[in-house]
Amino acid sequence: MKPEPRDRLIVALDVPSVAAAEALVARLGESVSFYKIGYQLAFAGGIDFARALAGAGKRIFLDLKLHDIGRTVASGVESLARLGASFVTVHAYPQTMHAAVDARAGSDLRILAVTVLTSYDDADLAAAGYDFTVPELARERAAQARDIGIDGLVCSGQESAMLRPIVGPDMLLVTPGIRPAGAQTGDQKRVVTPALAIAAGADYLVVGRPIIAASNPSAAADAIVAEIAAASTAHKPPPPG
Ligand code: C5P
């Protein structure tokens with residue numbers, strides 16, 4: 001069962017201060033139920049803010065891309081589970097993924113793995129010592145994430161169609177790089193529309209600038225939710241009989 005269309009939209013709170021985040025959340029009101037907090041806000045008071053937002057009934061995705069020795073990853077994940085976060089990202093290294101999955105047991109926290117950073121190309125992987133192309137490494141790490149019991153993957157709209165057959169129907173695919181038709185792409189290179197991302201198999205869409213930089217952010221969020229709803233209806237299996 002997929003969540004309601006509104007609950008499949010995650011808005012990236014890519015702002016420099018808690019005051020700016022509070023103002024944005026107040027403007028978005030009931031239009032948005034799920035927020036992503038990354039390095040910028042997390043390192044400027046955003047962890048306490050995340051706790052408060054979770055206490056106010058919003059869902060929280062902490063995009064912290066954890067990676068350390070297993071014991072340190074595990075204790076960090078236990079703290080984030082107590083805070084009330086719903087999603088946290090880890091880099092898709094087997095030891096890191098094992099530690100995170102074990103540590104979230106018994107909580108509502110779900111672990112998302114980042115296979116290969118979207119800013120990396122084959123030359124970046126070679127420079128880092130890997131003898132894999134980006135798609136080869138993404139496929140390999142997706143299969144490892146599945147076998148370890150990771151809850152989902154962060155992947156581009158183009159990648160999700162390739163990764164869905166590897167991870168099966170139950171793992172969550174969370175897709176950033178979303179641009180409504182006609183929107184500015186900014187620095188994103190591999191963008192898809194909300195409808196295309198849903199059709200390619202995404203469970204959740206992460207949207208930053210098309211909402212937070214809009215003149216009317218809640219109207220922009222509502223329009224994306226409407227597009228998610230239309231795309232999910234279009235791809236529902238026909239009723240039996
Ligand atoms: O403003 P925009 O919609 O491009 O924001 C997308 C968000 O998703 C940003 O917070 C960015 O850091 C995040 N993200 C991404 N690509 C990834 C992982 C996360 O764009 N592979």
Side-chain angles (χ1 to χ4, degrees), residues 8-17 20-21 24-25 28 31-32 34-44 46-47 49-50 53 59-67 85-93 110-121 124-125 134-135 137-139 141-142 145 150-163 167 172-198 200-215 217-218 220-221 223-225 227-228:
R8 297 172 73 180
L9 169 65
I10 303 176
V11 172
L13 285 174
D14 292 333
V15 292
S17 68
L24 193 53
V25 169
L28 287 166
S31 295
V32 173
F34 211 150
Y35 287 100
K36 180 172 92 72
I37 293 175
Y39 287 174
Q40 184 186 24
L41 185 59
F43 299 149
I47 299 294
F49 180 65
L53 264 189
R59 299 187 76 205
I60 306 298
F61 170 5
L62 289 171
D63 191 10
L64 300 178
K65 299 190 178 70
L66 304 179
H67 184 46
S86 295
F87 291 168
V88 65
T89 40
V90 302
H91 283 286
Y93 286 77
R110 296 288 167 262
I111 309 294
L112 305 180
V114 177
T115 55
V116 182
L117 291 168
T118 46
S119 59
Y120 278 29
D121 61 19
D124 291 304
L125 286 185
V134 170
L137 188 58
R139 278 195 287 265
R141 288 183 164 172
I150 283 283
D151 302 299
L153 300 177
V154 178
C155 61
S156 73
Q158 282 92 339
E159 271 178 339
S160 51
M162 168 185 99
L163 296 178
V167 301
L172 303 173
L173 296 181
V174 178
T175 298
I178 302 294
R179 291 293 177 271
Q184 301 279 323
T185 57
D187 57 355
Q188 293 280 14
K189 297 199 176 84
R190 287 176 277 160
V191 299
V192 293
T193 64
L196 278 175
I198 296 292
D203 295 286
Y204 292 88
L205 309 187
V206 175
V207 185
R209 287 160 289 181
I211 292 175
I212 69 173
S215 53
S218 67
I224 291 176
V225 170
E227 199 174 330
I228 294 173

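All ligand and atom numbering here is 1-based and tracks the order in the structure.
Only side-chain heavy atoms of P210 come within less than 4.0 Å of ligand 1; its backbone N, CA, C and O stay farther off.
Among all heavy-atom pairs drawn from L153 and V167, the shortest one is CD1-CG1, 3.8 Å. Of all heavy-atom pairs between G157 and V192, the closest is CA-CG2, 4.0 Å. Taking both residues in full, the closest heavy atoms of L163 and A138 are given as CD2-O, 4.1 Å, listed atom of the first, atom of the second, then distance. Closest heavy-atom contact between A221 and V32: CB-CG2, 3.9 Å.
F87 has its ring centre less than 6.0 Å from the ring centre of Y204.
The shortest N or O to N or O distance between D14 and ligand 1 is under 3.5 Å. In terms of polar-atom proximity, A12 is not counted as a contact of ligand 1, lacking any N or O under 3.5 Å from an N or O of the ligand. At a 3.5 angstrom cut-off on N or O pairs, D63 does not count as close to ligand 1.
Close contacts of ligand 1 with R209, meaning ligand atoms under 4.0 Å from a residue heavy atom, involve 1 (O), 2 (P), 3 (O), 4 (O). Every atom of ligand 1 with a heavy atom of T118 under 4.0 Å away is listed here by number and element: 16 (N), 17 (C), 21 (N). Taking every non-hydrogen atom of R179 and a distance limit under 4.0 Å, the qualifying atoms of ligand 1 come out as 1 (O), 2 (P), 3 (O), 4 (O).
For the atom pair L62 CG and I47 CD1, the distance stands at 5.0 Å (nearest 0.5 Å).
In this comparison of P176, G208, A213, the heavy atom closest to atom 14 (N) of ligand 1 sits on P176.
The backbone N or O of L64 sits less than 3.5 Å from a side-chain atom of T89, completing a donor-acceptor pair.
Atom 13 (C) of ligand 1 has as its closest protein heavy atom K36 NZ, 3.7 Å. Here the heavy atom of the protein found nearest to atom 20 (O) of ligand 1 is Q188 NE2, 2.8 Å.
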Practice item. Go through the steps for R8 and F34 under the test side chain to side chain contact (heavy atoms under 4.5 Å, CB included), then give the verdict. Key: CA-CA 8 Å; R8 297 172 73 180; F34 211 150; over 6 Å; no
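At a 4.0 Å cut-off, not a single heavy atom of G38 sits close enough to ligand 1 to count as contact.
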